[in-house]
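Every chain is numbered from 1 and lettered A, B, ... according to where its sequence line falls, protein lines coming before strand lines. Nothing here was measured: the structure is a model prediction, and the numbers come from that model.
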Amino acid sequence: MIEDRLVDLLSEALRIAAPDLGIDDDLPRPELLAPRRRDHGDFATNVALGLAKRVGKPPREVAQAIADAVPSAPFLEKIEVAGPGFLNLFTTDEWLHDALREVADAGEAYGRVDPDGRRAQVEFVSANPTGPLTLGHARNAAIGDALARLLEATGWTVEREYYFNDAGGQMDRFGASVEARFLQLTGRDAQVPDDGYHGAYVEVLARDILDIEGPGLADLGDGERLLRMRAEGMARVLRWIEATLERFGVTFDVYFRESELAAKGEIEAAVERLRDAGAAYDAEGATWFRSTAYGDDKDRVVVRSNGLHTYFGADCAYLVDKFSRGFDRLLYVWGADHHGDVARVKGAAQALGYDPDAVEPLVYQWVSFLRDGEPVPMGKRSGNFIALDQLLEEVGTDAARFTLLLYSNDAAINFDIEAVKRRSMDNPVYYVQYGHARIASILAKAAREGVMLDPIENADLTLLATDAETDLLRGLAEVPELIAYAAELRAPHRVAHASQDLAARFHRFYSGCRVVSDDAELTQARLWLAAGTKQVLANLLALLGVSAPESMERADDDD
RNA sequence: GCCCUCGUAGCUCAGUGGAUAGAGCACCGGUUUCCUAAACCGGGUGUCGCAGGUUCGAUUCCUGCCGAGGGCACCA
């Protein structure tokens with residue numbers, strides 16, 4: 001990497017200049033900055049600004065001393081002292097050509113790192129199977145999956161896990177709702193409970209159960225029938241959920257049921273561990289976790305006075321279970337309503353003897369779904385909701401995912417279904433995909449005209465000399481670092497923005513530079529630049545779970 | 001009341017301890033004998049919510065205040 005070479009060069013210069021500056025040891029490692037302006041060089045460093053006070057000389061003087069000591073290197077064209085004391089570094093284009101050759105060589109692997117043995121689990125979606133996934137789950141699914149992809153690209157081995165509570169009160173109310181519809185269908189008198197699920201899909205479930213299992217289920221005893229209805233309904237809803245997720249480009253490795261924890265006695269065991277660690281105590285007939293010792297504002301019940309564990313009690317056991325499976329990192333993707341859980345889950349990890357930093361809850365802000373500016377209502381129990389399937393039907397997986405991944409997790413976003421549906425300019429996903437398709441079209445044209453792509457070693461990449469070309473090359477060269485940084489920040493939106501930026505650089509190049517021309521040498525160089533860009537655009541889109549089409553239909557003018 | 005996130009261009013949002021803070025949309029104008037015009041080029045707008053503090057340097061870090069959204073159950 002050019003950055004490493006430049007830092008090494010600057011470190012060397014610093015060592016040479018150190019005696020004159022009156023500093024012998026403890027030399028700082030110079031940091032590179034990315035200047036905003038072209039005439040501030042390709043890279044810059046503020047190392048002299050930092051040293052000036054210590055040395056007791058003006059920053060510019062320090063900078064000049066370092067600049068004078070920089071050994072010559074083939075990749076460094078010149079170095080300038082600028083502004084209050086920056087050193088601006090101007091590189092030769094050689095490293096940009098290296099980057100393009102690397103793209104050609106690595107292909108799909110460009111920007112990625114080989115697995116290094118570190119294992120991460122990403123737990124996301126985790127909606128209770130009481131109904132289809134809704135709009136409310138869309139951002140969670142998009143972020144969780146994109147994070148998993150990003151981690152995989154940076155060396156992690158990742159498991160995607162879906163956790164659900166298959167035995168709580170919600171599921172009972174769901175079971176009772178299915179039961180009521182089932183009984184109605186078999187001509188009996190029954191009512192969906194007021195606090196049950198009133199959506200039309202419940203009747204769909206009941207009808208399917210009736211078709212497959214027969215009316216005999218109605219004759220079961222009350223308790224048995226409820227359990228059966230709960231199980232039958234849940235199994236069907238889980239199949240719906242899985243199908244929706246597949247359509248959304250998400251595949252889970254593990255669907256984890258809360259009941260497994262209880263069945264294996266893990267909840268009692270976890271509570272005992274907390275007690276042994278002095279982090280749990282009994283009061284008011286319940287067992288409490290001393291979460292206030294870990295930054296929570298009050299202690300939390302883990303076992304209720306009626307002997308049943310709380311949701312959080314199960315979380316503690318689940319934490320133990322996850323760690324026992326050997327993960328180095330546990331990521332949770334949570335909506336804003338869970339922010340209060342962050343301190344206590346990390347606290348529980350610490351109390352249980354784990355590294356709290358290995359537990360990473362990622363909280364994202366809500367999405368407001370709109371339709372032409374009007375809020376779309378949500379709420380599963382009332383049945384007044386829009387299924388995620390319907391969103392995908394209307395706007396497509398690519399547009400949905402890209403739009404949801406375009407914003408920082410910390411930003412509350414407005415998702416206007418009608419706007420995203422439009423295949424128009426205010427829809428950045430098509431801008432990026434169009435770039436990819438355009439390149440495919442160029443390559444196809446070259447092939448039609450019998451222009452063969454020679455090995456890149458034979459191409460004279462120094463012919464790529466216009467600003468549009470070097471800007472595009474630079475865009476390609478920056479991708480590996482971008483991916484690493486986005487993964488480190490757990491920020492998929494950085495990838496979305498980078499894909500837009502790269503597409504913009506390509507479109508500019510396309511407008512200014514004819515690729516397939518009479519100049520055979522230049523054609524080779526530009527074809528490689530185009531082919532490399534196509535590859536990198538596809539790689540970035542893949543990290544978002546968005547497809548990279550070979551061709552795109554022209555939009556209807558009357559839309 | 002306490003906690004979390006946010007407050008940047010008319011709108012939607014990026015971004016950063018540095019040198020003149022960006023993109024898209026919207027608005028106006030231009031570009032197609034030529035590889036996809038879903039494109040490109042030009043035109044301008046900012047007390048970076050307010051006030052202090054730390055720093056050589058703060059929009060960025062810290063504190064307080066104001067405003068917006070969300071959360072503060074032995075529920076799930």
Quiz prompt | A:L502 and A:L537: CA distance, side-chain angles, deciding distance, side chain to side chain contact (heavy atoms under 4.5 Å, CB included) verdict | solution = CA-CA 7 Å; A:L502 187 61; A:L537 282 175; 3.8 Å; yes

What protein N or O atoms touch nucleotides 30-32 of chain B N or O atoms at under 3.5 angstrom, if any, and at what distances?
none

Quiz item: For A:R494, which contact category applies under a 4.0 Å heavy-atom criterion: base, sugar-phosphate, or nothing?
Solution: sugar-phosphate

Self-check item: A:D296 CG to B:C4 P, straight-line distance once rounded to whole Å
Solution: 12 Å

Anything under 3.5 Å between a protein N or O and an N or O of nucleotides 54-57 of chain B, put it in a table, one pair a line.
unit_1	atom_1	unit_2	atom_2	d
B:C56	OP1	A:K53	NZ	2.2

Practice problem: Could you measure between the two C1' atoms, the one in B:G70 and the one in B:G15, and give it in whole Å? | Solution: 25 Å

Practice problem: Check every strand shown and say whether A:E284 touches a base, only sugar-phosphate, or nothing at a heavy-atom separation below 4.0 Å. | Solution: base

Exercise. Might you point out which heavy atoms bring A:A399 and A:Y430 nearest each other, and give the distance in Å?
Key: CB-OH, 3.9 Å

Quiz item: Which of these nucleotides, B:G70, B:G15, B:C35, is closest to any side-chain atom of A:H493?
Solution: B:G15

Quiz item: Under 3.5 Å, is there a donor-acceptor pair linking the side chains of A:N165 and A:Y311?
Solution: no

Self-check item: Pairwise distance CD(A:E3) to OG1(A:T91) - rounded to 0.5 angstrom
Solution: 9.5 Å

Practice problem: Take A:T287 and A:R275, measure what side chain to side chain contact (heavy atoms under 4.5 Å, CB included) needs, and give me the verdict at the end. | Solution: CA-CA 9 Å; A:T287 305; A:R275 211 189 291 276; 3.8 Å; yes

Quiz item: Just to confirm, is there a sub-4.0 Å distance from OP1 or OP2 of B:C35 to any side-chain nitrogen or oxygen of A:R448?
Solution: no

Practice problem: Could you give me the CA-CA distance, side-chain angles and deciding distance for A:R300 and A:D297, then say whether salt bridge (Lys or Arg N to Asp or Glu O under 4.0 Å) is met? | Solution: CA-CA 9 Å; A:R300 304 288 162 174; A:D297 52 351; 2.9 Å; yes

Quiz item: Quantified in whole Å, what is the P atom distance between nucleotide B:G1 and nucleotide B:C65?
Solution: 10 Å

Quiz prompt | Any residue of residues 400-416 of chain A with a heavy atom less than 4.0 Å from an atom of RNA chain B | solution = A:Y407, A:S408, A:D410, A:A411, A:A412, A:I413, A:N414

Practice problem: Under 4.0 Å between any heavy atoms, over every strand shown, what does A:N88 touch: base, sugar-phosphate, or nothing? Just pick one. | Solution: base

Practice problem: Using the side chain to side chain contact (heavy atoms under 4.5 Å, CB included) rule, take A:M234 and A:M229 through it: C-alpha gap first, then chi angles, then the decisive distance, then the call. | Solution: CA-CA 8 Å; A:M234 186 180 87; A:M229 288 297 162; over 6 Å; no

Quiz item: Would you call A:D166 and A:R230 a salt bridge, taking side-chain N to carboxylate O under 4.0 Å as the test?
Solution: no

Quiz prompt | Pairwise P distance, B:U55 and B:G71 [rounded to whole Å] | solution = 41 Å

Quiz item: Once you round it to whole Å, what is the distance between P of B:A73 and CG of A:D195?
Solution: 20 Å

Quiz item: Expressed in angstrom and rounded to an integer, what is the separation of A:Q500 atom CD from B:C13 atom P?
Solution: 14 Å

Self-check item: Contacts of A:E266 that satisfy side-chain hydrogen bond (donor to acceptor under 3.5 Å, both in side chains) - sequence neighbours left out
Solution: none

Quiz prompt | Integer angstrom distance from the P of B:A21 to that of B:A58 | solution = 14 Å

Exercise. Would you mind classifying the nucleic acid contact of A:A530 as base, sugar-phosphate or nothing, using non-hydrogen atoms under 4.0 angstrom?
Key: nothing

Exercise. Mind jotting down which residue pairs meet the side chain to side chain donor-acceptor pair (under 3.5 Å) criterion with at least one end in residues 398-407 of chain A? Sequence neighbours excluded, please.
Key: A:D145-A:R401, A:D398-A:Q433, A:D398-A:S547

Exercise. Could you tell me which residues satisfy ring-ring contact (aromatic ring centres under 6.0 Å, His included) with A:Y332, sequence neighbours excluded, listed by chain and number?
Key: A:W334

Quiz item: Is the shortest heavy-atom distance from the side chain of A:D42 to the side chain of A:R474 under 4.5 Å?
Solution: yes

Quiz item: Looking at OH of A:Y163 and NZ of A:K322, how far apart are the two atoms once the value is rounded to the nearest 0.5 Å?
Solution: 9.0 Å

Self-check item: Watson-Crick or G-U pairs under 3.5 Å in RNA chain B, rendered as dot-bracket with [ ] for crossing pairs and | for another strand
Solution: (((((((..((((....[...)))).(((((.......))))).....(((((..]....))))))))))))....

Exercise. Determine: side-chain N/O of A:Y510 to OP1/OP2 of B:A37, distance under 4.0 Å, yes or no.
Key: yes

Exercise. Using whole Å, report how far CD of A:E550 lies from P of B:C35.
Key: 19 Å

Quiz item: Pairs in or reaching into residues 336-349 of chain A: which pass side chain to side chain donor-acceptor pair (under 3.5 Å), with residues at least two apart or in two chains?
Solution: A:D296-A:R344, A:D341-A:R344

Exercise. Answer with base, sugar-phosphate or nothing: what part of the nucleic acid does A:H507 contact at a heavy-atom distance below 4.0 Å?
Key: sugar-phosphate

Quiz item: Can you name the ring-ring contact (aromatic ring centres under 6.0 Å, His included) partners of A:H507, sequence neighbours left out?
Solution: A:Y431, A:Y434

Quiz item: What distance, rounded to whole Å, do you find between the two P atoms, one in B:U59 and one in B:G22?
Solution: 15 Å

Quiz item: Is A:R173 positioned over the aromatic face of A:Y197, cation under 6.0 angstrom from the ring centre and no more than 45 degrees off axis?
Solution: no

Self-check item: Side-chain-base donor-acceptor pair under 3.5 Å for A:D172 and B:A76
Solution: no

Quiz item: Just how far, in rounded Å, is P of B:G70 from OH of A:Y364?
Solution: 15 Å

Quiz prompt | Ring centre gap for A:Y318 and A:F256 strictly below 6.0 Å | solution = yes

Quiz prompt | B:C41 phosphate, OP1 or OP2, under 4.0 Å from A:R508 side-chain N/O | solution = yes

Quiz item: Taking the six-membered ring for Trp, are A:F506 and A:Y510 parallel (under 30°), tilted (30 to 60°) or perpendicular (over 60°)?
Solution: tilted

Quiz item: Run the side chain to side chain contact (heavy atoms under 4.5 Å, CB included) check on A:V420 and A:D416 step by step: do they pass?
Solution: CA-CA 6 Å; A:V420 175; A:D416 193 311; 5.7 Å; no

Quiz prompt | Short side-chain N/O contact from A:R36 to OP1 or OP2 of B:A19, under 4.0 Å | solution = yes

Practice problem: With C1' as the reference atom in both, quote the distance from B:U20 to B:U45 in angstrom, rounded to an integer. | Solution: 15 Å

Quiz prompt | Positions of residues 332-351 of chain A (non-hydrogen atom under 4.0 Å from RNA chain B), listed by number | solution = A:A336, A:D337, A:H339

Quiz prompt | Listed partners of A:N414 passing side-chain hydrogen bond (donor to acceptor under 3.5 Å, both in side chains), at least two apart | solution = none

Self-check item: Members of residues 297-310 of chain A that approach RNA chain B, where some heavy atom sits under 4.0 Å away
Solution: A:D297, A:K298, A:R300, A:V301, A:R304, A:S305, A:T310

Quiz item: Which whole-number value in Å describes the distance from A:E80 CD to B:A19 P?
Solution: 17 Å

Exercise. Taking atom C1' in both B:U60 and B:C2, compute the distance separating them and give it to the nearest angstrom.
Key: 27 Å

Exercise. Identify whether any heavy atom of A:A44 sits under 4.0 Å from a base atom; if not, whether one sits that close to sugar-phosphate; answer base, sugar-phosphate or nothing.
Key: base

Self-check item: Whole angstrom value for the distance that separates P of B:C72 from CZ of A:F312
Solution: 15 Å

